[in-house]
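The next block holds one structure in the form of structure tokens; read it before the comments.
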Number of protein chains: 2
Amino acid sequence: MDTALDRAVRVFCERGYHATSIGDLTAAMRLATGSVYKAFRDKQAVFLAAFDRYAAVRREQTRSAAARGSNGRERLRHMLLFYVEHSQGIEGRRGCMVVGGTVELAALDPQVRARVNAQIETNEAFIAGLIREGQGDGSIPAHVDVDDTARLMICITQGMRVVGKARLPLDGKRLVGVAMKLLA
Amino acid sequence: MDTALDRAVRVFCERGYHATSIGDLTAAMRLATGSVYKAFRDKQAVFLAAFDRYAAVRREQTRSAAARGSNGRERLRHMLLFYVEHSQGIEGRRGCMVVGGTVELAALDPQVRARVNAQIETNEAFIAGLIREGQGDGSIPAHVDVDDTARLMICITQGMRVVGKARLPLDGKRLVGVAMKLLA
DNA sequence: GATAATAGGGAATGATCGTTCCCGAATAAA
DNA sequence: TTTATTCGGGAACGATCATTCCCTATTATC
């Protein structure tokens with residue numbers, strides 16, 4: 001089931017919600033129409049389940065990318081690098097379900113809006129935690145405003161997913177190098 | 001006609017492309033079905049025309065916001081402030097056609113992709129120009145990398161539109177204050 | 001003033017959508 | 001072996017979509 005959901009994630013990432021038909025979904029998930037409706041109440045339920053799966057995988061990846069750093073500042077750097085890399089190439093042009101869900105459904109579907117909000121706020125809290133870690137271990141100056149910087153970094157990561165979907169190239173090292181000035 | 005197009009812009013911003021039916025469009029534009037199809041070849045043509053109108057208005061607003069500054073750095077600051085303000089409240093939750101077009105259609109429609117790319121690149125070039133102005137008038141250090149900083153600022157502006165559509169609050173002064181560190 | 005041309009309005013149309021219903025195979029129970 | 005039950009598959013359904021067609025005023029032309 002998780003593997004079918006992963007396939008649904010790919011389709012929803014690439015085509016979004018409304019442009020994805022049940023036919024697209026059954027083809028991608030290798031399930032018949034009836035089987036999909038036996039497992040999920042309706043199309044929205046498939047989307048929500050796929051979103052949760054996407055968010056969980058993505059959260060895990062982000063955390064393990066950050067773990068590669070040796071202090072708060074370095075963990076933040078690795079996290080940003082991870083985001084740039086995944087905003088590029090094949091995965092970049094496929095797109096992000098958080099960004100896609102927000103842009104396409106935040107105004108139309110309160111349930112989806114609640115999920116994307118939760119996901120964004122979780123990410124923001126994670127970033128804020130890393131900044132505080134850095135301030136604790138001395139790698140980030142104490143005068144850096146935790147909340148404002150975290151929110152701006154969320155804007156940067158979400159924005160990179162947009163720019164990556166538009167297929168503009170993003171140079172990871174260079175972009176992150178500039179972004180790290182925010183921790184000065 | 002421009003006023004009808006402005007109304008179409010509002011609908012496309014809020015609902016995106018696929019969730020906007022011809023019925024939504026005719027209701028918003030105060031035009032009958034036949035009249036819409038007499039003025040435009042098909043729904044995509046309405047979207048492209050609305051997008052061009054949106055981009056033109058937006059470009060003008062951005063430029064006049066920047067003009068409020070007295071040197072390169074201040075012009076950049078006013079431009080960023082303008083973006084935060086418009087990413088919030090009523091207009092923020094309505095959404096941005098560039099972001100929406102990218103996320104919903106960049107992977108599916110080459111014509112839309114070309115337009116959003118052109119718009120993003122125009123904005124980026126405008127930002128780069130402001131940075132260069134600042135370096136010329138001494139308000140921005142010469143060691144600031146123009147292209148990388150401009151691209152990161154594009155990510156910030158696009159990301160703010162995503163976060164604003166998700167209805168998270170954005171404090172203009174504070175966020176821009178942090179972002180201006182990128183010009184150090 | 002009569003007629004041609006145009007523009008706007010809305011019903012009809014075919015396609016496609018999401019959803020439901022029902023069938024057949026496979027498994028478990030008797 | 002026979003019967004009951006579950007599960008995956010796909011045809012059928014009503015609704016809605018984008019699009020076309022045609023009708024009716026209104027304007028311009030002669």
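Naming convention: chains lettered A, B, ... in sequence-line order (proteins, then strands); numbering from 1 in each chain.
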A:R73: what forms a salt bridge (Lys or Arg N to Asp or Glu O under 4.0 Å) with it, not counting sequence neighbours?
none

Every protein N/O lying under 3.5 Å from an N/O of nucleotides 4-11 of chain C:
from	atom 1	to	atom 2	distance (Å)
C:dG8	N7	B:K38	NZ	3.0
C:dG8	O6	B:K38	NZ	2.7
C:dG9	OP2	B:A32	N	3.3
C:dG9	OP2	B:S35	OG	3.3
C:dG10	N7	B:G34	N	3.4
C:dG10	O6	B:G34	N	3.1

Pairs in or reaching into residues 155-172 of chain A: which pass side chain to side chain donor-acceptor pair (under 3.5 Å), with residues at least two apart or in two chains?
none

With A:E121, which residues qualify under salt bridge (Lys or Arg N to Asp or Glu O under 4.0 Å), at least two apart?
none

Residues at least two apart in sequence or cross-chain that pass salt bridge (Lys or Arg N to Asp or Glu O under 4.0 Å) with B:D145, listed by chain then number, are A:R174

Set of salt bridge (Lys or Arg N to Asp or Glu O under 4.0 Å) partners for B:R113, sequence neighbours left out:
none

Name the atoms and distances for all side-chain donor-acceptor pairs under 3.5 Å in residues 92-110 of chain B, with sequence neighbours left out.
from	atom 1	to	atom 2	distance (Å)
B:T102	OG1	B:V98	O	2.7
B:E104	OE1	B:Y17	N	2.9
B:E104	OE2	B:Y17	N	3.4
B:E104	OE2	B:H18	N	2.9
B:E104	OE2	B:H18	ND1	3.1
B:D109	OD1	B:Q44	NE2	3.4
B:D109	OD1	B:Q111	N	2.8
B:D109	OD1	B:V112	N	3.2
B:D109	OD2	B:Q44	NE2	2.7

Distances under 3.5 Å between protein N/O atoms and the N/O atoms of nucleotides 14-18 of chain D, please, pair by pair.
from	atom 1	to	atom 2	distance (Å)
D:dA18	OP1	B:T20	O	3.3
D:dA18	OP1	B:K43	NZ	2.7
D:dA18	OP2	B:I22	N	2.6

Side-chain heavy atoms under 4.5 Å apart, restricted to Ile/Leu/Val/Met/Phe/Trp/Tyr: what other residues fall into the cluster of B:V57, or is it alone?
none

